[in-house]
Amino acid sequence: MVEVLNPQRSMARHPLFQVMLTLQNNPSADLTLHGLDVHEQAVAPDIARFDLTLSLTEHYHPDGAAAGIDGTLTYATSLFDRETVEALGNRLRRLLSAVLQDPDRPLSSIDLLEPAEAALPYPDLPEGSEGLPLLDLEELFTRQVRRRPEATAVTFGEESMTYRELDRASADLARALAAEGARPGALVAVAIPRSPELVVTLVALLKTGAAYLPLDPEHPRERLARLLADADPVCCVSVGAVAADLPEQPLLVEELLRRQERYASELPPARHHTNLPLAVLYTSGTTGTPKGVVLTRRNVLTMIDAVQRLFALDDSDVVLHKAPLTFDASIEEIYWPLLTGARLALADPKAEADPQQLGEAVRKHRVTTLDVVPAVLDSLLDHARPDGYPSLRRILCAGDVLGPETVRRVGSETSAALTNLYGPTEATVNATFWHATSRSDSTMPPIGRPVPHTRAHLLDAHLRPVPRGVTAELYLAGEGVADGYLDRPGTTAERFLADPFAADGSRMYRTGDLARWNRHGVLEFAGRSDQQVKIRGVRIEPEETAAVLAAHPGVSTATVLAHEDRLVAYVVSSAAVLSPDPAVLRAHCADLLPPQLVPGSFVFLDRLPLTANGKLDREALPVPDRACTDSPPAPATSREQLLTSLFAEVLDIPQVNPDDSFFDLGGHSLLATRLTRRISETFGAAVLPSALFTTPTPRGLLRDNFGQSAEPDPYAVFAPVLTLRPGSAPALFCVPPVAGVGWAYARLLPHLARDIPVHALQARGLVPGDALPESVEELAADYVARIRRIQPEGPYHLVGWSLGGALAHEMAGQLLRAGETVGVVALLDSHPQTHPGNAVEDVTELAVLGALCDHFGLERPSAAGAEELRRFLVSFLASQEDFLFGAAGAEGLDRLVEVYTTTAQLAARSQTKLLAHPRLLTFTATEEDPVGPDSATRWGPYVTGTVRDHPVHCRHTEMLAPGPAAVLGRLLTEELAEDTGAAAPTPQPSTRDQTEGAS
């Protein structure tokens, strides 16, 4: 059957099936042998032929009556353990017993749970942890005002407010807002950037009993108008700085406080607001319309009580508020510290999109408690100083799936305790928690156990609990479950169901998330049961984006799916439009949707694929390729080449074209921050993320000078060291070829492991005022001094192309003689200097200019002399807008020629020395001379160890072109991973170990 069906083979499983049931129901054989007593003996197999095998045998009495059935479960120990298999057997026994007792009962009514599984797990709380007094939120805040009136309540930049000052300012504003209609049960829209005014406003609304509707002034006006129309607040409160961005004229906080003497001196008594709404947060909607989640004061009180029981904030703690007000985590960040006597630190409104700025806020405010989504946490760790973030005591990670690598990094790079939190807005921020430990392994972190006041149910389609290990839909119940959706009774009834396990008639929330209980009673996340996704912590219903796209006149129909960390729109054009411009569709979406809901890519189809029953076949939709595939135009200038390499590195794709949009290739705000930081480091310009949003292509950024008004420094990228990728690990130092320019090494970045720092050295003499060296040894010593300033200790990893290889060889010798450790030494199609002085006369200005023409792929004018070639090159370089050479004009070319000539003459006079190193890594360009000597042959006499050579099918001048660079990057990464750099080398016989060629 295997031969006939020819299924896909795998060493991990049987090709036809993996689970088998056998029933031995034949009568036992009566074997009689003369003179012998014969007994049947069962034989247990030593191996499991399948993943799981249930072997049953029927038994009979001598009179033929049935004597029962017994059997064995055989399992593959690589997939199952004994406890799991015993549980499976017990559940089968419960099922069979129930069916025998009542053969007519529905299968869905049979309870398979063991008694221990039916017990709800209760969270492990810190010893002696205490919750909050059962008071209203306003009373809890007033308690802190009375207890610590002069303690700092809020800090923002250099500003601060004490609890007394916050209480007075909020009371004044509360009286003004009450006069404008903010009374218990009313809804007030709040459109205020992160600032002390925002905190004063929220505490003021707490005093009035009104709820708030958060609005993000940076969202499109049309979307804000739709939310205001849907929620119908009594008024909108803002500040002058953003009032013009709103669709209607708001009340200004500064004006209300200025004329607060006009309002009543006291607020009406308000001490029974527990069941009134506190906030209405709009989330993405499956019907294409966002829906407002109504959170009550009781919801928020029990949420804060739960986190206080788990983490026990005290007066010394500082909590950072950095989440957008429209994000439910902001409720925890703002109210938790203010109701427990801790300090609330406000990050700059732009900080969340800038990990470096966010990290500085953590340091400046000495933050102890940080709630952050995994993507932002990874970026914070990337930007951390060597001591990490010493003030942090606890990191609460929520909003998206937490990966094991992030858990490992937090444990090794910080001293903070990490907790993975899970919870939809409808369950008031947090529903489950899991404390990471030093023993956490490489498996996916679980989402944990229910927080206090919360119950978690994993239920099947009939709302019955499932056994441990079975994936099912997660339902949440308890005090944190929201009231429902604002003015959406039908949608509320679909998602908020009567809790069959509660005697008080309360409701549970159907999350749509899939999970399973593991053997320890801990929840493991298993994806979604619908199309809802989370991208960088924001919950998104793709149908909302699809509905907006379908409203465009150029679109007949559209569907939207998530691929990795971006939305992809699949569009069928209308009959009137052949294929709408993606930029037009993106702008259309950006006018109506928040940034997270705008697609990153568009795929145009003749029609959407359908299944046999007429439904959308999502599996048949093509996967978009973020890299370019249509014979891309190569970068026209060296600066374009360098910048496109940085784009590719940050986006983690092989290649980027000069006219590719950063956002079309899957870029987002966090990556934009990372890219602009890399551009600033490499080009020496202070580039802001806003420049990338305005001009998202490499060519456009260069044309607009990165959004800066000043003219670029023509010599900025001739710095002695060009930092292509920063980092604290042992770096790869790239030695330039004869011209002394190192930017070509940027082509390696997308293909090197991301944790490898890369620095390109550049020759002296390219910048005005630099003195030229007088020998190869002096030039190498200058390079050595530079890399030791960057990295004081070894191992030093060196790579050099052409003459740069000979210089790297000399540098390695100088480092070893200085007692330093040298790791990888890689020579790219390089030759040792073997006949000093013989070729000096060949290094003329005409020869150098001709070599530069060859480098740029130019056909030299026939019979041209040096002066004509010089004019020809200056004209070409100026036309390329190439600031590496063109902006410096003839002077820049003069310096390049002088460096080239001097370095080549020094090399011609030099003699390569013997290097006491265990191994050289060489690469040989084979296209020009496929049968010539390889680098192992050339370099063998000049190293005491082995030479490992890799042939590369390219020309010498193409060694760092995109194709060869991909090969070099992969092999260099492997070599760097192998290298231990543990000890200085010892001399050994020279051998040659040539590997299979790479192309």
Side-chain angles (χ1 to χ4, degrees), residues 405 564 625-629 632 634-635 641-642 644-657 665-666 678 724-727 729-737 742-760 795-802 804-805 808 822-830 918-927 930 934-936 939 946-981 992-999:
E405 176 62 14
E564 298 175 350
D625 185 1
R626 297 203 297 187
C628 309
T629 57
Q641 178 179 325
L642 183 57
T644 54
S645 296
L646 295 181
F647 268 63
E649 177 200 357
V650 171
L651 290 166
D652 195 22
I653 57 179
Q655 188 174 340
V656 171
N657 302 333
L665 298 177
R678 296 288 291 109
L724 300 178
R725 181 193 289 156
L732 179 65
F733 293 98
C734 305
V735 187
W743 48 261
Y745 287 103
R747 282 276 175 83
L748 295 174
L749 293 179
H751 313 290
L752 290 169
R754 300 183 67 85
D755 59 346
I756 301 174
V758 183
H759 303 278
Y796 293 97
H797 304 300
L798 307 173
V799 59
W801 174 30
S802 191
V822 175
V824 171
V825 180
L827 314 181
L828 311 184
D829 206 42
S830 180
R919 186 176 77 247
L920 279 184
L921 176 67
T922 63
F923 297 84
T924 303
T926 61
E927 186 171 329
D934 58 40
S935 295
W939 283 98
T946 62
V947 181
R948 182 185 299 177
D949 185 61
H950 296 277
V952 182
H953 187 66
C954 68
R955 301 171 66 85
H956 173 80
T957 56
E958 298 169 343
M959 207 67 185
L960 288 171
V967 176
L968 299 179
R970 176 176 58 81
L971 294 172
L972 284 171
T973 297
E974 293 174 359
E975 288 289 331
L976 290 168
E978 288 180 14
D979 188 83
T980 61
R992 299 175 181 86
D993 176 20
Q994 180 167 330
T995 64
E996 182 180 353
S999 63

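On a predicted model such as this, the values are computed, not experimentally measured, just so you know. All values below were derived from every heavy atom in this structure, side-chain atoms included, with hydrogens, water molecules and symmetry-related copies excluded.
One distance of note links CD of Glu975 with CG of Leu921; it measures 4.5 Å at 0.5 Å rounding. Distance check, rounded to the nearest 0.5 Å: OG1 of Thr957 to CH2 of Trp801 gives 7.0 Å. One finds the CG atom of Leu651 at 11.5 Å from the OG1 atom of Thr644 (value rounded to the nearest 0.5 Å). Distance check, rounded to the nearest 0.5 Å: OH of Tyr745 to NE2 of His759 gives 14.5 Å. Rounding to the nearest 0.5 Å gives a distance of 5.5 Å between CD of Glu958 and CD of Glu927. We find the CG-CG distance between Leu752 and Leu968 to be 9.0 Å, quoted to the nearest 0.5 Å.
Closest of all the heavy-atom pairs between Pro795 and Gly823 is CB-N, 4.1 Å. When every heavy atom of Ala936 is checked against every heavy atom of Asp949, the shortest pair comes out as CB-CB, 3.9 Å. Residues Ser802 and Pro737 come closest through the heavy atom pair CB-CB, 4.2 Å. Contact between Leu972 and Ala826 at its shortest, heavy atoms only, is CD2-CB, 3.7 Å. When every heavy atom of Pro964 is checked against every heavy atom of Val952, the shortest pair comes out as CB-CG1, 4.0 Å. Across all their heavy atoms, Pro757 and Ala729 have their closest contact at CG-O, 3.4 Å.
Using a distance-only test at 3.5 Å, with no hydrogens or angles considered, no donor-acceptor pair links the side chain of His751 to the main chain of Arg970. Side chain of Thr924 to main chain of Ser935: a donor-acceptor pair is present (N/O by atom type, distance under 3.5 Å, no hydrogens or angles). The backbone N or O of Ile756 lies less than 3.5 Å from a partner atom in the side chain of Arg725, making a donor-acceptor pair. Panel note: side chain Trp939, backbone Ser830; a donor-acceptor pair is recorded below 3.5 Å.
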Going through the distances and angles, do Val799 and Val824 end up as a side-chain contact (heavy atoms from CB on, under 4.5 Å)? CA-CA 8 Å; Val799 59; Val824 171; over 6 Å; no

